[in-house]
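Read the structure below first, then the notes.
From a predicted model like this one, the values you see are computed outputs, not experimental measurements.
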Amino acid sequence: MEKYNVIHFNSLNSTNTYSLEHFSELKDRDVVVTDVQTSGRGRFDRVWQGTSSENLYMTFVIKPETVDNYPFMNLTQYLSVVINRILNKKYAIMSNIKWPNDILFNGKKISGILAETKIENNMLKGVVLGVGINLNTSPAEIIPNAISLKEISGKTIDKDEFMTDVLSEFYNNYDEFVENGFNYIYDEYSKMCCFNEELKIGNSYREGEFSVYKFRKLNKDGTLTVSEIGKEDNKDIKIVSGDILC
Ligand code: BTN
């Protein structure tokens, strides 16, 4: 059985939008890729477009036979580990992960991931898992604080080779991830992901608003435990999603 099936476009509004709109026709392990992305979307309603065909825009179609016990919550973290592994091992780029799934080099963003669920008649059907990777240009005017692998390494990155590396690494270890969830990546993810003692976490719904917490730990399910600063009860709070500003 083929491990995956790539569906290539010259131009799309967004590989995630296309995958959501065509979800019923698409199969599990289809991967939608486009050279140019005209209305790409990021987390928290941000924009991730790409007029440059030198970068990678792709979406994994995830349609498991049964959604029970599938580790949906950790898919983006699994993909971030897969990409960071390739950068560290094959390209000798010492990038790291910013919780939950951004890939950074010296604080600048190389790659972002956006997972969106497909729900029909109140039932979860699957997920589209989109990733954008700045291979050869950093679209600083669209993605603030971005950097490309070419800028870091001084070499042009072959897009097809990079994509094949990501897809092989993702699907070669996929069954183990699906069976074990975050446990499969916990040790590796912990080493790749650094936390400051204090975390400024942005409000997902109100741009510009944030809270500052004390970092406690990365939990075994990939969530964070933090506590509020300056509160006497020092109560632990679990964070399942958010944008760490610093
Ligand atoms: C983020 O860091 O905010 C997530 C960015 C995700 C961008 C990718 S590019 C391919 C896929 N299609 C989209 O519209 N978005 C994702």
Side-chain angles (χ1 to χ4, degrees), residues 16 40-49 71-85 87-88 93-117 127 129-134 138-149 151-152 181-246:
N16 270 28
R41 293 177 288 107
R43 296 171 73 215
F44 312 116
D45 288 332
R46 291 182 193 134
V47 169
W48 192 292
Q49 348 241 71
F72 285 112
M73 291 300 288
N74 302 113
L75 258 176
T76 66
Q77 288 166 313
Y78 171 59
L79 179 55
S80 70
V81 166
V82 162
I83 296 166
N84 208 43
R85 248 184 219 167
L87 294 178
N88 293 175
I93 290 175
M94 288 304 122
S95 47
N96 61 285
I97 297 173
K98 184 175 80 131
W99 186 90
N101 53 52
D102 282 351
I103 299 191
L104 307 185
F105 180 80
N106 284 346
K108 295 189 167 186
K109 187 149 161 170
I110 299 172
S111 163
I113 297 173
L114 176 68
E116 297 178 284
T117 49
V127 162
L129 176 64
V131 58
I133 307 178
N134 300 328
S138 53
E141 69 291 356
I142 301 163
I143 305 154
N145 211 19
I147 193 165
S148 73
L149 298 181
E151 284 169 299
I152 299 168
F182 197 67
N183 266 336
Y184 165 60
I185 49 167
Y186 181 84
D187 288 340
E188 198 178 358
Y189 183 90
S190 306
K191 286 185 199 130
M192 290 174 170
C193 196
C194 327
F195 295 98
N196 292 333
E197 254 175 66
E198 287 189 1
L199 302 178
K200 191 169 158 187
I201 303 184
N203 184 316
S204 315
Y205 305 101
R206 282 194 286 270
E207 186 78 36
E209 285 188 22
F210 62 86
S211 307
V212 183
Y213 299 101
K214 197 171 175 54
F215 171 69
R216 294 266 177 225
K217 63 176 173 158
L218 171 69
N219 297 311
K220 292 286 179 189
D221 60 1
T223 62
L224 296 186
T225 295
V226 298
S227 60
E228 277 188 272
I229 290 171
K231 290 264 167 84
E232 276 174 19
D233 58 4
N234 228 2
K235 214 170 58 194
D236 281 350
I237 302 166
K238 189 168 168 168
I239 307 275
V240 293
S241 133
D243 192 22
I244 297 182
L245 304 174
C246 66

Counting only N and O atoms by type, is there a donor-acceptor contact under 3.5 Å from the side chain of [X] to the main-chain atoms of [Y]?
X: W99; Y: G222; answer: yes
X: E197; Y: F215; answer: no
X: E188; Y: I185; answer: no

Working to the nearest 0.5 Å, report the span between [atom1] of [X] and [atom2] of [Y].
X: L199; Y: D243; atom1: CG; atom2: CG; result: 11.5 Å
X: R216; Y: I239; atom1: CZ; atom2: CD1; result: 13.0 Å
X: N183; Y: N74; atom1: CG; atom2: CG; result: 9.5 Å
X: Y213; Y: I229; atom1: OH; atom2: CD1; result: 10.0 Å
X: L114; Y: R43; atom1: CG; atom2: CZ; result: 8.5 Å
X: I83; Y: I103; atom1: CD1; atom2: CD1; result: 4.5 Å

Minimum-distance pair of heavy atoms, taken over all atoms of [X] and [Y]:
X: L104; Y: K109; result: CD2-CA, 3.7 Å
X: S138; Y: S148; result: CB-N, 3.7 Å
X: A115; Y: V127; result: CB-CG1, 4.1 Å
X: I110; Y: I152; result: CD1-CD1, 3.8 Å
X: S95; Y: N84; result: OG-OD1, 2.6 Å
X: I133; Y: S111; result: CG1-OG, 3.8 Å

Step-by-step side chain to side chain contact (heavy atoms under 4.5 Å, CB included) determination, Y184 to V81: CA-CA 11 Å; Y184 165 60; V81 166; over 6 Å; no
Run the numbers on L224 and K217 for side chain to side chain contact (heavy atoms under 4.5 Å, CB included), then give the verdict. CA-CA 6 Å; L224 296 186; K217 63 176 173 158; over 6 Å; no
Within-4.5 Å side-chain heavy-atom neighbours: [X] and [Y]:
X: I93; Y: F105; answer: yes
X: M94; Y: N88; answer: yes
X: S211; Y: I201; answer: no
X: N96; Y: M192; answer: no
X: S241; Y: M73; answer: no
X: S227; Y: K235; answer: no
X: L129; Y: L79; answer: yes

Go through the steps to decide whether D102 and K108 satisfy the test salt bridge (charged side-chain N to carboxylate O under 4.0 Å, His left out), and finish with yes or no. CA-CA 10 Å; D102 282 351; K108 295 189 167 186; over 6 Å; no
Evaluation steps, side chain to side chain contact (heavy atoms under 4.5 Å, CB included), between I147 and N134: CA-CA 7 Å; I147 193 165; N134 300 328; over 6 Å; no
Applying salt bridge (charged side-chain N to carboxylate O under 4.0 Å, His left out), name anything that partners K191, two or more places apart in sequence or on another chain. none
Between E116 and R41, is there a side-chain N and carboxylate O pair less than 4.0 Å apart?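 R41 and E116: salt-bridged.
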Using side-chain hydrogen bond (donor to acceptor under 3.5 Å, both in side chains), reason through S80 and Q77 one step at a time and then give a plain yes or no. CA-CA 5 Å; S80 70; Q77 288 166 313; over 6 Å; no
Any side-chain donor near an acceptor of the partner, N219 and T225, under 3.5 Å: yes
If the plane angle is over 60° it's perpendicular, under 30° parallel, otherwise tilted; pick one for Y189 and F182. perpendicular
